[in-house]
Amino acid sequence: MKFTLFAFLFFFDFATTKLVYAINPATTYTVIAIRGAVKNAGNGLLLRTRSRFNQEDRLYFSSPKDKLLVVNELGQTFLCLYADTNKGFQLHPSKTPQNTRPGAPLNFLALNQYFSIDTIYVFDNQLEVITNSVECPMNKEQFFYVQFKWKDKMVNKKLSFNGDTLLISREDLYQVKGQQIEEGSVENQALLHYDLPRQVSLPISDLKLVFLNTDQLTEEISTLLDTIDKFDKETQYNKIEAFIFTYYGRTDEANFEKWLTKHFRE
């Protein structure tokens with residue numbers, strides 16, 4: 001009888017421990033970045049950068065396209081998306097960054113491959129692309145330009161350069177007749193090269209650029225760093241890179257490195 005009672009008490013204690021663990025989850029998530037409107041059903045508040053919720057909370061998404069990037073206490077980052085479940089969301093581990101863009105595009109074909117892969121997310125409002133001034137001449141009579149549609153009109157914007165480096169600046173690109181225009185108001189952007197002596201325009205590629213909001217991005221990464229400050233610098237860098245790749249998309253590696261050094265490494 002004593003043995004039976006002891007065995008029962010041991011089983012009950014073990015089962016109780018597991019039950020307590022199951023109904024009191026320790027995992028809490030901090031919001032690093034958010035796109036759209038997502039509400040925590042527990043407190044009725046919209047989630048923002050630095051907001052927190054736990055894995056048992058119910059989230060309401062205003063649209064299936066809404067998304068969040070979150071980090072847990074272990075420094076693991078996840079993409080939080082709408083799901084047709086009791087909790088209303090599903091977590092997906094951050095992706096490993098993959099740089100599929102070719103190196104310095106030294107001819108027109110390489111430039112086509114560089115720009116046509118997918119959208120390029122640009123830091124600090126300017127993209128610098130090193131090319132070859134012999135294969136891709138840039139001077140007063142030979143130069144690159146961007147063509148796009150704005151208010152039912154076709155606009156041509158000559159691009160600046162510095163030696164072998166092509167400069168694509170947000171301020172220059174989206175300025176028409178001395179006035180800044182909204183980035184989202186233009187359509188069908190394309191990169192071309194013009195040869196004035198021959199009067200020939202050579203189409204290079206469609207152009208899909210997104211100039212990231214520096215203030216917003218700095219706040220997002222600052223929030224991430226606050227939650228992973230226990231890690232060494234190299235690990236922190238890897239987690240920042242994974243965040244950018246998962247939440248935004250592919251970038252120009254040199255552009256990203258320059259921005260990161262300027263804002264977080266100096």
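FYI, the numbering just counts along the sequence from 1. Predicted, not measured: the structure shown is a model, and the values here were computed from it.
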Reported [atom1]-to-[atom2] distance for the pair [X] and [Y], which is rounded to 0.5 angstrom:
X	Y	atom1	atom2	answer
D164	E135	CG	CD	11.5 Å
L79	L68	CG	CG	8.0 Å
F231	L225	CZ	CG	11.5 Å
N188	K149	CG	NZ	6.5 Å
I34	R48	CD1	CZ	8.5 Å
D195	Q142	CG	CD	4.5 Å

Keeping the roles fixed (side chain from [X], backbone from [Y]), state whether a donor-acceptor pair exists under 3.5 Å.
X	Y	answer
T246	F243	no
D57	N54	yes
Q126	L167	no
S94	A242	no
Y29	T77	no

Do the non-hydrogen side-chain atoms of [X] and [Y] ever get within less than 4.5 Å of each other?
X	Y	result
E220	I32	yes
I244	L217	yes
S51	N40	no
Y174	S185	no
R35	S63	no
L192	Q147	yes
V38	F89	no
L69	Y248	no

Q: Give the ring-plane orientation class for W259 versus F256, where under 30° counts as parallel, over 60° as perpendicular and anything between as tilted.
A: parallel
Any idea which heavy atoms bring [X] and [Y] closest together, and the distance?
X	Y	result
I120	F115	CD1-CD2, 3.8 Å
I228	G75	CG2-CA, 3.8 Å
N255	D252	N-OD2, 2.8 Å
F53	C80	CZ-SG, 4.4 Å
W150	V186	CD1-CG1, 4.1 Å
F144	C136	CZ-CB, 3.8 Å

Within a 6.0 Å radius of atom [atom1] on [X], are there more than 12 heavy atoms belonging to other residues, nucleotides or ligands?
X	atom1	value
K95	NZ	no
N86	CG	no
K39	NZ	no
K151	NZ	no
R52	CZ	no
Q180	CD	yes
D232	CG	yes

Is there a path of hydrophobic side-chain contacts, each under 4.5 Å between heavy atoms of I/L/V/M/F/W/Y residues, joining [Y] to [X]?
X	Y	answer
F123	I221	yes
F148	L127	yes
L196	L159	no
V122	L111	yes
Y82	L46	no

Q. Is K258 salt-bridged to D124, going by a charged N under 4.0 Å from an acidic O?
A. no
Q: Output, in order, the C-alpha distance, side-chain angles, deciding distance and verdict of side-chain contact (heavy atoms from CB on, under 4.5 Å) for V146 and Q189.
A: CA-CA 7 Å; V146 171; Q189 292 187 92; 4.2 Å; yes
Q.
Could you go through S222 and H263, starting from their C-alpha distance and side-chain angles, then the distance that decides it, and tell me whether this counts as side-chain contact (heavy atoms from CB on, under 4.5 Å)?
A. CA-CA 10 Å; S222 295; H263 293 275; over 6 Å; no
Q | K158, M138, H193 screened by side chain to side chain contact (heavy atoms under 4.5 Å, CB included) with F143, the one that passes | A | K158
Q: Give a yes-or-no answer on whether the side chains of S205 and Y114 include a donor-acceptor pair shorter than 3.5 Å.
A: no
Q: For T49 and E219, test the side chains for any donor-to-acceptor distance below 3.5 angstrom and give the result as yes or no.
A: no
